[in-house]
Amino acid sequence: MHQDMTTPLLSPPAPSSDLLLPEGLQGPVVGILGTGDLCRSLCVRLVASGFRVVVGSRDPSRVRRGAFPDGVEVKSQTEAVDGAERLVFAAVFPEHYGSLVGLRDRLVGKVLVDVSNASGLNRKGPSNAEQLAKMFPQTPVVKGFNVLSAWALQNGPHDGNRQVLICSDCSDSKSLVVQLTRRLGFTPVDVGGLGSSGSVEEAPLLLFPSWGGPILTSFLLFLFFYGYSCTRRILLPYLDHGQNNLYQLPLVTVNETLPAVAMVTLALVYLPGVVASVLQLSRGTKYQPFPDWLDRWMCSRKQLGLLSFLCSVLHAVYSLCLSLRRAAGYTLTNAAFHQVKAGVENSWVEEQVWRSDLYLSSGTLGLGVLALLALTSLPSVGNALNWREFTFVQSGLGYVALTLSIVHVLFFGWDSAFKPSSYQFYLPPVFVLSLILPCCVLVSRLLLALPCLAFRLRKIRRGWESGRRTCPSGDDGGDV
Amino acid sequence: MHQDMTTPLLSPPAPSSDLLLPEGLQGPVVGILGTGDLCRSLCVRLVASGFRVVVGSRDPSRVRRGAFPDGVEVKSQTEAVDGAERLVFAAVFPEHYGSLVGLRDRLVGKVLVDVSNASGLNRKGPSNAEQLAKMFPQTPVVKGFNVLSAWALQNGPHDGNRQVLICSDCSDSKSLVVQLTRRLGFTPVDVGGLGSSGSVEEAPLLLFPSWGGPILTSFLLFLFFYGYSCTRRILLPYLDHGQNNLYQLPLVTVNETLPAVAMVTLALVYLPGVVASVLQLSRGTKYQPFPDWLDRWMCSRKQLGLLSFLCSVLHAVYSLCLSLRRAAGYTLTNAAFHQVKAGVENSWVEEQVWRSDLYLSSGTLGLGVLALLALTSLPSVGNALNWREFTFVQSGLGYVALTLSIVHVLFFGWDSAFKPSSYQFYLPPVFVLSLILPCCVLVSRLLLALPCLAFRLRKIRRGWESGRRTCPSGDDGGDV
Amino acid sequence: MHQDMTTPLLSPPAPSSDLLLPEGLQGPVVGILGTGDLCRSLCVRLVASGFRVVVGSRDPSRVRRGAFPDGVEVKSQTEAVDGAERLVFAAVFPEHYGSLVGLRDRLVGKVLVDVSNASGLNRKGPSNAEQLAKMFPQTPVVKGFNVLSAWALQNGPHDGNRQVLICSDCSDSKSLVVQLTRRLGFTPVDVGGLGSSGSVEEAPLLLFPSWGGPILTSFLLFLFFYGYSCTRRILLPYLDHGQNNLYQLPLVTVNETLPAVAMVTLALVYLPGVVASVLQLSRGTKYQPFPDWLDRWMCSRKQLGLLSFLCSVLHAVYSLCLSLRRAAGYTLTNAAFHQVKAGVENSWVEEQVWRSDLYLSSGTLGLGVLALLALTSLPSVGNALNWREFTFVQSGLGYVALTLSIVHVLFFGWDSAFKPSSYQFYLPPVFVLSLILPCCVLVSRLLLALPCLAFRLRKIRRGWESGRRTCPSGDDGGDV
């Protein structure tokens, strides 16, 4: 009987006794201060997970009971705090925290959970949770659940972001909330003391934090190549002989810029791996940490790869649009006019046919391989791969895509890189510029695959360190 | 020792004692009546989750034991019911429920779980579970697990639909099955009493229930625009001057219809949000529920958006096919013929070049943005976004896509909307019709972004109500 | 009190007592031998799940503590083994297992978990785990966790492959590790005794094992059709009248081969279902197992379908590239030249316009349907479908795609299959060959839909067997 009374506090489906005593099955009571959308969603989730909930409102008479699931009691704030066994959620906007001061004494012995978000990024001063902790010095405050939307809370972990960031200065209270999080079906992530609450509160406000650098990089590359292309195709011809090429602005120069951005961005995906290998080789150990910029670069490779794929797809669509342009029609009928005037029965140039077929072919295949790479970036596809498959796709297929792209550009260029006429105004064509970095990366990678270097690198990656006594049996260098 | 005997009923991996007493580790015994595919899959899952299973067959001697995992006993039906500690699954087709009547007395004190599906939609009369409950008045009946396929059951939650709908009139029995569901790794969803069992039984028969309305809407839009386009391009020219334009039926008119459907459908995605904002503004509160039709419309936005994307992609592919058409070749060589006859050396029309480049460019970009939107509709991608990212993509990028689409059509139309020759038979071209709704939505959204309206709307969405005493501290209106 | 001491061994968040006794909350101690990447990731995961960890190093003084999360003790190997309550992980490369021999006596009473991978596929001799078991005859060895990458371990189940294969000859020790796996958030899969450890160790080295057969099949089909097309278009014309068609190698013949491969591969997706139905019909039962080759073929349908989709997409992109080819421009201006010379004002051929519009249209629609099919192959999309939706998409839409593809090819062929000029060198065109199998599958499927056959098949699939006493009430044939 004693067991019976103590058991059902946090774990309504207590595994050991519930089948024997189903009639006594009662979850612990959790309190929530506030009656807004988040409160309601929290109620739905808590009740669905077997908890009992008491909601504290300033004015319980004005609350529509229908908005809450069955089994939720709506009472006054003091009654709610008293009714809660241990946990009380503060689901009130931070600007109204002052109204909770009167509950100070009743909250002693309870744990207060702050679920609020920051009002903006980069604020000064204490976080919401820190303000709450200051107001209630005798009540441990835990920050958590703010990263979940009301929608994700209500619909459970299968329809939303699973991770819940949690922090508190009281480890016992924190472990309580960690358990609750697990019971609700989410994955708790302990991020330390209340000092971290500021960044936890800002987490839901961040806008694709891992994409900032890669997007900026691609954008700057786009600006550079677009400016270069416009200068070479439009500005200089106009200055030189007054030719008006402005019509090339919206499509032709963009379609010359996009593949260049795609190529260089793809090279930037594989460059940090090469740099890391060179560093490990020259240091003779893998245990020395990489410089910060290299670590951050390595973490941006997926984003850079996807941006490269985006540019490639846009380039492909723009290129396919080329034959839909009015300009294409005019060019063709004008060519026909001249052919008729010149009396040439057959204008066929075998070399040009080969060139266009080869670059279209290699470009299509390269795009196809890049698409497979992008596909494995989808979480649900990537998760289904084992480590070797992931490496094969990301590294093996990645270099195939890089090689095919380079081949595509080389066929496109054919022999024009060696003709002076391509160097109008002494400026090399865009495709020549775009080849430099990808070719360097590919050549470096091939050099690293030379047996002498590859063997040393493999040893280092298995834990061997140069200049250290080798101890083949049981040395820590032999650990997985 | 007492603890040892009582513990392992529903929780084979009972967390407290198993490390100390691993040799005594024995899961509770669950009974299953029936030996079909679902029974076998259920066995695999139960055994994998640590339960013991006894299968009840009408003729145990005819059952191939190899079809069941180790540890499953195949016995007679009466022995299976007797052997089960609490739960007995009825895995028999509903038309054979009559054969279970003889087990009535033995089933007293057990819980019967009905896993059957409805035989069809919109049946009259009691559900399968209700029939079973009537047959066994002294045994509580729980409906559940029918939404899982044998495949999902056998392979566990990572390979199938995670949610399991459960209902019963006996809450203790229901909580038992809820726990079992969790132990098997699925997410139980309590849908109430046995009165809901009819809709639970029909759930696996539903065919994309959330897609019906959106698909019908798009289809009707398609019919309208296709009919209009055919009338204007084919029927009226034939009636008027006997011109045979029938060859435009399979591709040209379809490709004129698709972008119109895509535009209007995309506008329908953003219209309900505008309507909701206007309602909230005029009511001065967010606490009054929306009319039903608006709620349903809001829930269909994702589907409408994906259908709009589908139409856009088809339009893009059809458009890219235009230059592959034989008709395109004939048109070009005929144009060349006339250019030669007229002696025009250069047919270049700068304005038309600009026009085509601009609408191709804006169309490509609009499609790209729509593709990003569609990408975040993939569950595994959308789940990785936080609330702000989701809003940015769905609302921000959505309006960018709408704007780009409108710009695409405006460039396509150029000045033809102002030329009388475009209004053959006094009918405006399709693209003019398709612009009306999108432009209205865009203008309304811009009006709602005016500071005076935007501020009031923001206040309302944070809980403020017009005509109500404002209480800045702790008012329920200040709850998250 | 006794309960209090025995409780927290494997289950730090023991649901029954932690709310009452949060200050005593201490997870069980797990030992890890080795300090490499996997060890560190294992530490992170164990600590995050509430365990305490003691790491055993050969030389604890050389280990950077910062690499481990708080609460992890780094000690000597003997201390680590002594400190572990029950479980000790061996996170050392197999070639260094010899160094652990000295721990033999201290490991008695503990369970050793081997997390190593195979050094290569198809090795001879005992597996790593078997070697370890031989070295420590008095310590049960469990194989597991090797299928998780260090990355997946560190970041938890939401970012990686969820399944963990586990095997051991000691079922008590195995159940311990199974529980631990669940606590860490992964899905344990019991694969039997230590005899299976060889294949468990090889699992992470496998490279898309389910794709081998389908890729080989598609590749052989590609080789056959490519060879055939090259013979017919390039080799024979050269041998016959010295015509040089080599320029067709990179694009034209490839684009003739791809749709043929796509068609036949798509037919291969639906052929095994037809064969299975015929087998069931002729045997009169569904309880006789299918031959092995048919089972394997059935399991490859998804892969075959995706390869067919890949070929179709490549064919579409290649086809759209056709108008970008230089050859297309030359052909058009030459045609214009001849039209002018012949004085034909209008070269329009209505039939050819119809033909090209119809095959472009049906091809686009077929590709769209195939794309929807491919979309539901994404795990996160497929998991959201119920069984009826899945069947509708895979079977219903699949046959629609097959039919549209056949229609596409028929329109492409138009009447050329009946013209002797299409049979150069007595060889039928590629498209005729590619139609044979798809048409056979489609016709067979239609025959199986005849009421007499369909009814009998439906009965068999519900469990009826021909030549067996039918017992409508409760017969095992009536089980779900």
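Every chain is numbered from 1, with letters handed out A, B, ... down the list of sequences. Remember, it's a predicted structure, so these values are computed and weren't measured experimentally.
For B:C321 against C:T364, the heavy-atom pair with the smallest separation is SG-OG1, 4.0 Å. Closest approach of B:P204 to C:R388, counting heavy atoms only: O-CB, 3.3 Å. Smallest separation of non-hydrogen atoms from C:V353 and B:Y247: CG1-CD1, 3.6 Å. Across all their heavy atoms, B:T333 and C:A336 have their closest contact at CG2-N, 3.8 Å.
The residue among C:S362, C:S347, C:P379, C:S323 with the most heavy atom pairs within less than 4.5 Å of chain B is C:S347. Counting heavy-atom pairs under 4.5 Å between each of C:T391, C:L332, C:N346, C:T331 and chain B puts C:N346 at the top. Comparing C:F392, C:F337, C:W354 by how many heavy-atom pairs each has under 4.5 Å with chain B, the most go to C:W354. Ranking B:L320, B:V317, B:L324 against chain C, the residue ahead of the rest is B:L324, based on heavy-atom pairs under 4.5 Å.
Using a 4.5 Å cut-off between heavy atoms, C:E389 contacts chain B through both its backbone and its side chain. For B:L246, the parts sitting under 4.5 Å from any heavy atom of chain C are the backbone and the side chain alike. Of the two parts of C:V344, only the backbone, made up of N, CA, C and O, holds a non-hydrogen atom closer than 4.5 Å to a non-hydrogen atom of chain B. For B:A203, the part sitting under 4.5 Å from any heavy atom of chain C is the backbone (N, CA, C, O) and nothing else. Only the side chain of C:L378 comes within contact range of chain B, with heavy atoms under 4.5 Å apart. Using a 4.5 Å cut-off between heavy atoms, B:P69 does not touch chain C at all. In this structure, no portion of C:V111 lies under 4.5 Å from any heavy atom of chain B.
Heavy atoms from other residues, nucleotides or ligands lying under 6.0 Å from CZ of C:F412 number 12 at most. The number of heavy atoms from other shown groups lying within 6.0 Å of CZ (C:F390) does not exceed 12.
For the pair C:V349/B:R326, no side-chain contact is recorded, criterion being any heavy-atom separation below 4.5 Å from C-beta on.
Here the CG-CG distance, from B:L314 to C:L365, works out to 6.5 Å after rounding to the nearest 0.5 Å. To the nearest 0.5 Å, atom CG of residue C:L358 and atom CG of residue B:L251 are 9.0 Å apart.
Side chain to side chain, B:N334 and C:Q339 meet the donor-acceptor criterion of an N or O pair below 3.5 Å.
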